[in-house]
Engineer: 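Have a look at the structure that comes next, please.
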Amino acid sequence: MAIVIIRQDHKIELWKKALLKADSSLEVYSFLEEHPKDEISMAITWKHPSGSLNKYPNLKCIASAGAGVDYLFEDATRPKDIPITRIVDPFLASDMSEHVLAVILAHLKNLNAYKTKQIANVWEPMEYLRIKDVTVGILGLGELGALTGTDLTRYGFKVQGWSRSAKNIENVTTFSGPDSLSKFLESTDVLVCLLPLTPATEGILNKKLLSQLPKNAFVINVARGGHMVDEDLLALIDNGHLSGACLDVYHTEPLPTSHPFWNHNKIHMTPHYASVSDTNSVIPQLVENYKRLQSGEELQNKVDMNKGY
């Protein structure tokens with residue numbers, strides 16, 4: 001049994017060294033080097049090339065190197081009978097919570113707008129909002145959404161959240177199911193998207209949904225680019241319904257330089273770096289699952305293949 005790492009960035013050797021540091025007895029290969037494909041039982045992957053997972057006849061587990069697994073479900077060539085696991089990293093949730101807090105405070109105090117005015121040599125004081133003035137609505141109450149909501153309440157924010165199934169989170173007003181979505185939206189001043197990307201949520205941040213937010217609402221998308229209908233967001237900002245947006249994720253990454261987001265003074269961007277898996281934190285999970293695979297035990301953090309997360 002052996003492990004192959006499949007990803008399209010510069011981090012393969014980093015992950016390989018970290019795995020061997022955790023357990024020097026492991027057999028770990030990069031998919032770019034010569035390796036015994038029939039001996040591979042686990043593939044650790046992140047945004048793999050389409051078709052690369054069906055080259056291993058004895059593959060028994062596909063391990064996502066991050067919390068997201070939507071890219072795996074988008075690969076039509078992926079072997080469908082192989083279980084998928086995901087990373088559950090406490091740093092992912094806390095990092096995301098800190099990022100969302102920073103973005104919201106920058107919005108309330110006009111920091112992004114002042115930076116734009118600074119570049120234009122414009123001195124123009126603006127009215128600001130206070131924490132008590134806004135209700136933050138979190139779309140998606142999984143691990144990241146639940147912690148983000150809880151943390152925001154500790155700073156005095158009014159927080160509400162919506163999820164597909166009912167959730168109970170202390171000090172957070174929760175809504176669930178399609179029938180309650182409109183009520184959730186109409187009282188949300190800052191919308192934070194932390195949904196998993198599934199066929200049911202793709203394109204959910206569209207004109208119909210965003211139009212239900214109050215006038216001057218602000219949108220934060222830190223989930224996946226596929227949730228957003230870009231042209232709808234632009235239209236609602238340009239017609240004055242939305243006050244702006246801060247985006248960390250995009251349909252194509254890096255975002256093409258011709259995309260209108262780049263030069264829009266009410267859209268603020270970060271390069272999909274709101275929350276990044278910490279190698280030292282996640283490696284033990286992967287090694288543990290590999291050992292479980294060898295001994296025939298139940299894998300940890302398995303993905304529900306019907307839900308897609």
Side-chain angles (χ1 to χ4, degrees), residues 99-100 102-117 120 124 126-129 133-140 145 148-149 152 157-164 175 178-253 255-272 274:
H99 177 90
V100 170
V103 170
I104 293 174
L105 290 176
H107 166 62
L108 298 188
K109 303 307 177 186
N110 302 309
L111 299 189
N112 291 316
Y114 282 136
K115 186 62 181 178
T116 300
K117 293 178 186 299
E124 184 181 3
M126 303 170 66
E127 291 187 9
Y128 53 80
L129 297 170
D133 295 331
V134 301
T135 296
V136 178
I138 299 176
L139 202 55
T148 298
L152 288 172
F157 285 99
K158 292 175 286 185
V159 181
Q160 57 189 29
W162 181 91
S163 54
R164 189 175 72 167
F175 299 80
D179 293 341
S180 69
L181 183 56
S182 292
K183 187 176 181 181
F184 161 78
L185 292 167
E186 66 188 19
S187 54
T188 290
D189 301 304
V190 177
L191 180 69
V192 182
C193 181
L194 275 166
L195 288 165
L197 183 61
T198 68
T201 64
E202 186 171 2
I204 192 171
L205 299 178
N206 55 30
K207 182 178 180 180
K208 179 181 178 182
L209 182 144
L210 296 175
S211 294
Q212 295 177 69
L213 294 168
K215 184 175 174 59
N216 293 321
F218 188 77
V219 175
I220 300 169
N221 187 15
V222 282
R224 287 291 184 268
H227 289 118
M228 182 67 70
V229 179
D230 294 359
E231 56 269 29
D232 289 359
L233 176 67
L234 287 163
L236 287 167
I237 292 175
D238 289 342
N239 71 17
H241 183 72
L242 298 177
S243 61
C246 187
L247 310 175
D248 186 59
V249 289
Y250 314 90
H251 288 276
T252 302
E253 298 178 1
L255 188 67
T257 56
S258 59
H259 197 287
F261 284 170
W262 281 106
N263 297 310
H264 200 293
N265 63 1
K266 292 186 178 180
I267 292 181
H268 314 290
M269 295 165 48
T270 51
H272 200 155

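Not measured: the values here are computed from a predicted model.
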Engineer: Taking the side chain as C-beta and beyond, is there a heavy-atom pair between L152 and I104 under 4.5 Å?
Structural biologist: yes
Engineer: Would you check, one step at a time, whether the test side-chain contact (heavy atoms from CB on, under 4.5 Å) holds for V103 with V190?
Structural biologist: CA-CA 10 Å; V103 170; V190 177; over 6 Å; no
Engineer: Quick check: closest heavy atoms across V222 and A274, and the distance to 0.1 Å?
Structural biologist: CG1-CB, 4.1 Å
Engineer: Distance from N239 atom CG to L242 atom CG, nearest 0.5 Å?
Structural biologist: 7.5 Å
Engineer: Let me confirm one number: the NE2-CD1 distance from H264 to I237, rounded to the nearest 0.5 Å.
Structural biologist: 5.5 Å
Engineer: Yes or no on side-chain contact (heavy atoms from CB on, under 4.5 Å) for V219 and L236, after CA distance, side-chain angles and deciding distance?
Structural biologist: CA-CA 11 Å; V219 175; L236 287 167; over 6 Å; no
Engineer: Are the side chain of W162 and the backbone N or O of S182 linked by a donor-acceptor pair below 3.5 Å?
Structural biologist: no
Engineer: Please check if the number of heavy atoms outside K109 that lie under 6.0 Å from its NZ is greater than 12.
Structural biologist: yes
Engineer: Checking side-chain contact (heavy atoms from CB on, under 4.5 Å) for the pair F184/L191: CA distance, chi angles, key distance, verdict?
Structural biologist: CA-CA 10 Å; F184 161 78; L191 180 69; 3.9 Å; yes
Engineer: How about H259 and D230: do any of their side-chain heavy atoms sit closer than 4.5 Å?
Structural biologist: yes
Engineer: Just by modelled atom types, is the V249 backbone N or O under 3.5 Å from a matching donor or acceptor in the H272 side chain?
Structural biologist: no
Engineer: Check whether any side-chain N or O of T201 sits under 3.5 Å from a backbone N or O of T198 as a donor-acceptor pair, and report yes or no.
Structural biologist: yes
Engineer: State, yes or no, whether a side-chain contact exists between T116 and N112 at a heavy-atom distance under 4.5 Å.
Structural biologist: no
Engineer: With side-chain contact (heavy atoms from CB on, under 4.5 Å) as the test, would you mind laying out the steps for L210 and V229 before giving the verdict?
Structural biologist: CA-CA 10 Å; L210 296 175; V229 179; over 6 Å; no
Engineer: Report the distance from atom CG of D248 to atom SG of C193, rounding to the nearest 0.5 Å.
Structural biologist: 11.5 Å
Engineer: Can you find a heavy atom in the side chain of H99 that is under 4.5 Å from one in the side chain of T270?
Structural biologist: yes
Engineer: For atom NZ of K117, is the number of surrounding heavy atoms from other residues, nucleotides or ligands below 6.0 Å larger than 12?
Structural biologist: yes
Engineer: About how many Å separate CZ of F175 and NZ of K183, when rounded to the nearest 0.5 Å?
Structural biologist: 5.5 Å
Engineer: So, does H227 use its side chain to make a donor-acceptor pair with the main chain of R224 at under 3.5 Å?
Structural biologist: yes
Engineer: With a 4.5 Å limit on heavy-atom distance, are the side chains of C246 and F218 in contact?
Structural biologist: yes
Engineer: Give me the atom names and distance for the closest heavy-atom approach of H251 to G225.
Structural biologist: NE2-O, 3.1 Å
Engineer: Closest approach of S211 and H241, non-hydrogen atoms and distance?
Structural biologist: O-NE2, 3.3 Å
Engineer: Got a donor-acceptor contact below 3.5 angstrom from the D232 side chain to the K207 backbone?
Structural biologist: yes
Engineer: Roughly how far apart are K266 NZ and D238 CG, rounded to 0.5 Å?
Structural biologist: 8.0 Å
Engineer: So, T188 and Q160: side-chain donor and acceptor under 3.5 Å apart, yes or no?
Structural biologist: yes
Engineer: Restricting to non-hydrogen atoms, name the atom on F261 and the atom on L247 that form the minimum distance, rounded to 0.1 Å.
Structural biologist: CE1-CD1, 3.3 Å
Engineer: Would you confirm whether T135, through its side chain, and V159, through its main-chain N or O, come within 3.5 Å as a donor-acceptor pair?
Structural biologist: no
Engineer: Determine whether L205 and L139 make a side-chain contact, defined as any pair of heavy atoms from C-beta on separated by less than 4.5 Å.
Structural biologist: yes
Engineer: To the nearest 0.5 angstrom, please state how far the CG atom of N263 sits from the CD1 atom of I267.
Structural biologist: 10.5 Å
Engineer: Using the side-chain contact (heavy atoms from CB on, under 4.5 Å) rule, pick out the option among L233, N206, I204 that qualifies with M228.
Structural biologist: L233
